[in-house]
**Student:** 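My questions will all concern the structure given below.
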Amino acid sequence: TVAIAGNGRGALAMLAEQFFDLILMDVQMPEMDGFEATSLIRQNGRGTARHIPIIAMTAHAMAGDRDRCIEAGMDSYISKPVATSNLLDLVAQHADENQRRVAGRI
């Protein structure tokens, strides 16, 4: 099931209501960008056993943009325009990691 938030504030509000297996985080959003939203998600998740993978989605494809996303707390990075196969590979990778984490193998 997919849920869509129009900005970082909306994403945080949705996370307060339900758990998500994965977040596709746009870096450039109105009101609250993806970096600030990710920071707050990570702060709110401290001390819990659950880790929600966050995949940065951005048109920023310059040298260093990926590192900036990872340093901000995002788990992966994909640049726009998004190739469907690359996105599906990242989603599958994080689904596998989640299954191993739940099973206690990570």
Side-chain angles (χ1 to χ4, degrees):
T1 303
V2 175
I4 299 172
N7 58 53
R9 289 191 199 289
L12 291 171
M14 292 171 73
L15 282 167
E17 298 294 320
Q18 68 186 74
F19 181 81
F20 291 90
D21 295 313
L22 178 91
I23 298 170
L24 300 175
M25 182 69 74
D26 193 347
V27 171
Q28 292 182 304
M29 294 183 287
E31 295 184 42
M32 179 186 291
D33 68 20
F35 294 110
E36 186 178 356
T38 296
S39 175
L40 291 169
I41 290 166
R42 294 301 183 227
Q43 286 175 22
N44 293 339
R46 283 193 185 116
T48 67
R50 299 288 300 208
H51 175 82
I52 304 171
I54 300 175
I55 299 173
M57 297 182 72
T58 179
H60 294 254
M62 304 291 288
D65 288 329
R66 181 188 183 285
D67 293 337
R68 183 173 176 220
C69 291
I70 301 303
E71 289 170 7
M74 299 173 194
D75 298 279
S76 296
Y77 163 96
I78 192 165
S79 63
K80 298 176 188 177
V82 175
T84 304
S85 62
N86 293 345
L87 178 59
L88 292 175
D89 287 347
L90 276 175
V91 170
Q93 171 191 332
H94 287 290
D96 289 345
E97 288 172 6
N98 275 343
Q99 287 177 348
R100 288 193 309 272
R101 188 175 288 113
V102 169
R105 291 180 269 170
I106 289 183

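All figures in this text were calculated on a predicted structure; none of them were measured in a lab. We're numbering straight along the sequence, starting at 1.
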**Student:** Pairs of donor and acceptor atoms involving the side chains of residues 32-42, under 3.5 Å and at least two apart or interchain, shall be tabulated with distances.
**Tutor:**
residue	atom	partner	partner atom	Å
D33	OD1	F35	N	3.1
D33	OD1	E36	N	2.8
T38	OG1	G34	O	2.7
S39	OG	Q43	NE2	3.4
R42	NE	G73	O	2.9
R42	NH1	I52	O	2.9
R42	NH2	I52	O	3.1
R42	NH2	G73	O	3.0
R42	NH2	D75	OD2	2.7

**Student:** Once rounded to the nearest 0.5 Å, what's the spacing between atom OG of S76 and atom CD1 of I70?
**Tutor:**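 It comes to 6.0 Å.
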**Student:** Write out all pairs satisfying salt bridge (Lys or Arg N to Asp or Glu O under 4.0 Å) with one or both partners inside residues 79-89, taking only residues at least two apart or from two chains.
**Tutor:**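 Counting only pairs at least two positions apart or across chains, the salt bridge (Lys or Arg N to Asp or Glu O under 4.0 Å) contacts touching residues 79-89 are D26-K80.
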**Student:** Testing the basics here: between T58 and Y77, what is the closest heavy-atom pair and its distance to 0.1 Å?
**Tutor:**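 What the structure gives for the nearest pair is CG2-CE1, 3.3 Å.
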**Student:** Please tabulate, one pair per line, all N/O donor-acceptor pairs under 3.5 Å involving side-chain atoms of residues 3-18, not counting sequence neighbours.
**Tutor:**
residue	atom	partner	partner atom	Å
N7	OD1	R9	N	2.9
N7	OD1	G10	N	2.8
N7	ND2	E31	OE2	3.3

**Student:** Measure the spacing between CD1 of I78 and CG of L87 and express it to the nearest 0.5 Å.
**Tutor:**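 The distance works out to 5.0 Å.
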**Student:** With sequence neighbours left out, write down each residue that passes side chain to side chain donor-acceptor pair (under 3.5 Å) with N86, or none if nothing qualifies.
**Tutor:**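 Partners of N86 by the side chain to side chain donor-acceptor pair (under 3.5 Å) criterion come out as none, since no residue qualifies.
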**Student:** Name all residues meeting the side chain to side chain donor-acceptor pair (under 3.5 Å) criterion together with S79; count only those two or more places apart in sequence or in a different chain, and write none if there are none.
**Tutor:**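 Partners of S79 by the side chain to side chain donor-acceptor pair (under 3.5 Å) criterion come out as none, since no residue qualifies.
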**Student:** Any salt bridge (Lys or Arg N to Asp or Glu O under 4.0 Å) pairs touching residues 52-71, not counting sequence neighbours?
**Tutor:**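 Salt bridge (Lys or Arg N to Asp or Glu O under 4.0 Å) check on residues 52-71 returns no pairs.
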